[in-house]
Amino acid sequence: MLEHHVIILLMIAGAIVAMELEDMLSSVIALGAVGIGLTLEFLLLRAPDLAITQLVVEILSLIILIRATVGVKLPPEKVKGRIGYFLFAVVFVVAFLVFSYRALGALPAFGSPIMKMGSLYVKEALAKTGAANIVSAVILDFRGYDTLGEATILFTSVIGVLAIVRKVGRKP
Amino acid sequence: MSLYALCFILFSIGLYCLLVKRNLVKKIIGLGIAEYAVNLFFILLGFKENAEAPIIDKYAATQNFVDPLPQALILTSIVIGLGVMAVMVAISVRIYEKYRTFDIREIRRLKG
């Protein structure tokens, strides 16, 4: 129980560092630290598939973000005229926290999930699909159309990135 | 319960970063933090005390698993997050090449 608290507090600290640092490369690397903390937390929460995927995605997104920040020189940020934005954002975030704190009472307690659909999957996965890993049985068999949609989105985003960054055929 | 509250705090840090910062890369980082918090919240909801990872073992015949459904959904969500981040970074790099800045107040050549 305590280890979850420690890791999530470390993630919060990393997120604050990533938000407040001036240097963009440093804040991108702090975001990587938050992602590695999330990987550890997935391992502790008995989700090894998610931990593997999160590690790979974390490394890839770190590389992509470093491509955006390397060689960039920015003047220091001016701070005038932002008190209105600041107050608006603080009010918005505090309202979100108050509402979510009120909603906490309706959730099931930590460590005892409802598992209305999950228990059905656990019972029938091996007999119906023959897969020993229940998560892969769900994503590839019970909810295969979701995975098809995911592959479509990934393909579309690759096409989008290629269309944005390519240089040939562009008029000066 | 306190774990859920910490998860909400992590989400609100990302939300604050998205609202207040004017650097495009900082905004992308804030969106990433909020996405991490949402993924973590779903997995926290599916956790079960003293249960195993949802992989059936022939030799240790137990049916006491954590909930596999949120894990399958979040597996999809993580990969989609990578695609969204790649598109955002590509647009930001193009904007930097054209305007030489990441500040959203300076990017207004189309305005008015």
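Letters A, B, ... are given to chains in the order of the sequence lines, protein chains preceding strands, and every chain is numbered from 1.
- Within the 4.5 angstrom heavy-atom criterion, only side-chain atoms of A:Phe92, from C-beta onward, approach chain B.
- B:Phe41 is not connected to A:Met115 by any chain of hydrophobic side-chain contacts under 4.5 Å among Ile, Leu, Val, Met, Phe, Trp and Tyr, and they are in different clusters.
- Heavy-atom distances place both the backbone and the side chain of A:Leu104 under 4.5 Å from chain B.
- When all heavy atoms of B:Ala90 and A:Val165 are compared, the closest pair comes out as CB-CG1, 3.8 Å.
- For chain B, no part of A:Val56 is nearby; none of its heavy atoms comes within less than 4.5 Å.
- Of the two parts of B:Lys26, only the side chain, counted from C-beta on, holds a non-hydrogen atom closer than 4.5 Å to a non-hydrogen atom of chain A.
- For A:Leu38, the part lying under 4.5 angstrom from a heavy atom of chain B is the side chain only.
- Heavy-atom pairs under 4.5 Å with chain B were tallied for A:Gly118, A:Ala151, A:Pro113, A:Ser157; the largest tally goes to A:Pro113.
- Interface check for chain A: of the options B:Ile43, B:Val84, B:Val93, the most heavy-atom pairs under 4.5 Å are formed by B:Ile43.
- With a 4.5 Å cut-off on non-hydrogen atoms, B:Val87 touches chain A through its backbone and its side chain both.
- For the set B:Leu44, B:Val66, B:Val25, the count of heavy-atom pairs under 4.5 angstrom toward chain A peaks at B:Leu44.
- Proximity to chain B (any heavy atom under 4.5 Å) is restricted, for A:Thr69, to the side chain, taken from C-beta onward.
- Ranked by heavy-atom pairs under 4.5 Å with chain A, the list B:Val79, B:Ile80, B:Leu15 is led by B:Val79.
- Neither the backbone nor the side chain of A:Ile114 comes within contact range of chain B; no heavy atoms are under 4.5 Å apart.
- Neither the backbone nor the side chain of A:Leu43 comes within contact range of chain B, judged by heavy atoms closer than 4.5 Å.
- Heavy atoms closer than 4.5 Å to chain A are found in the backbone of B:Glu52, but not in its side chain.
- In this structure, A:Leu31 and A:Ala18 approach most closely via the heavy-atom pair N-CB, 4.0 Å.
- For B:Tyr36, the parts lying under 4.5 angstrom from a heavy atom of chain A are both the backbone and the side chain.
- The shortest non-hydrogen separation linking A:Thr39 to A:Leu55 is OG1-N, 4.0 Å.
- For the options B:Gly30, B:Cys7, B:Ala53, heavy-atom pairs under 4.5 Å to chain A are most numerous at B:Ala53.
- Of the listed residues (A:His4, A:Glu41, A:His5, A:Lys123), the one with the most heavy-atom contacts under 4.5 Å to chain B is A:His5.
- No other option in A:Ser100, A:Ala68, A:Ala137 has as many heavy-atom pairs under 4.5 Å with chain B as A:Ser100.
- Both B:Tyr16 and A:Leu9 sit in one connected hydrophobic cluster of ILVMFWY residues. Membership requires side-chain heavy atoms under 4.5 Å apart, directly or through other members.
- Of the listed residues (B:Val89, B:Leu19, B:Asp67), the one with the most heavy-atom contacts under 4.5 Å to chain A is B:Asp67.
- Contact annotation for B:Ala51: only backbone heavy atoms (N, CA, C, O) come within less than 4.5 Å of a heavy atom of chain A.
- Within the 4.5 angstrom heavy-atom criterion, only side-chain atoms of B:Leu73, from C-beta onward, approach chain A.
- Of the two parts of A:Leu154, only the side chain, counted from C-beta on, holds a non-hydrogen atom closer than 4.5 Å to a non-hydrogen atom of chain B.
- Heavy atoms of B:Ile28 lying under 4.5 Å from chain A belong exclusively to its side chain.
- Of the two parts of A:Leu50, the backbone and the side chain both hold a non-hydrogen atom closer than 4.5 Å to a non-hydrogen atom of chain B.
- The distance from atom CZ of A:Arg143 to atom CD1 of A:Ile139, rounded to the nearest 0.5 Å, is 12.0 Å.
- Under 3.5 Å, the side chains of B:Arg94 and B:Tyr99 contain no donor-acceptor pair of N or O atoms.
- Using a 3.5 Å distance cut-off with no hydrogens or angles, the side chains of A:Asp49 and A:Asn133 do pair a donor with an acceptor.
- For the pair B:Gln71 and B:Pro54, the tightest heavy-atom approach, listed with the atom from each and the gap, is OE1-CG, 3.8 Å.
- Among A:Arg67, A:Glu20, A:Met24, A:Met11, the residue with the largest count of heavy-atom pairs under 4.5 Å with chain B is A:Met24.
- Heavy atoms closer than 4.5 Å to chain B are found nowhere in A:Phe142, neither backbone nor side chain.
- Atom CG of residue B:Asn39 and atom CD1 of residue B:Ile74 lie 4.5 Å apart, to the nearest 0.5 angstrom.
- Heavy atoms of A:Phe96 lying under 4.5 Å from chain B belong exclusively to its side chain.
- Between B:Asp103 and B:Arg105 the shortest heavy-atom distance is OD2-NH2, 2.8 Å.
- Taking chain B as the reference chain and counting heavy-atom pairs below 4.5 Å, the highest number among A:Leu126, A:Asp146, A:Thr147 is found for A:Leu126.
- The CG atom of A:Leu65 sits 6.0 Å away from the CD1 atom of B:Ile29 when rounded to the nearest 0.5 Å.
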Apply ring-ring contact (aromatic ring centres under 6.0 Å, His included) to A:Phe110 and B:Phe47, showing your working. CA-CA 7 Å; A:Phe110 177 69; B:Phe47 182 68; 5.3 Å; yes
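- If you measure heavy-atom distances from B:Ser92 to chain A, you find no contacts under 4.5 Å at all.
- Your options are A:Val122, A:Ile153, A:Val158, A:Val138, and the one with the most heavy-atom pairs under 4.5 Å with chain B is A:Val122.
- In plain terms, the two heavy atoms of A:Leu60 and B:Leu82 that are nearest each other are CD1-CD2, 3.9 Å.
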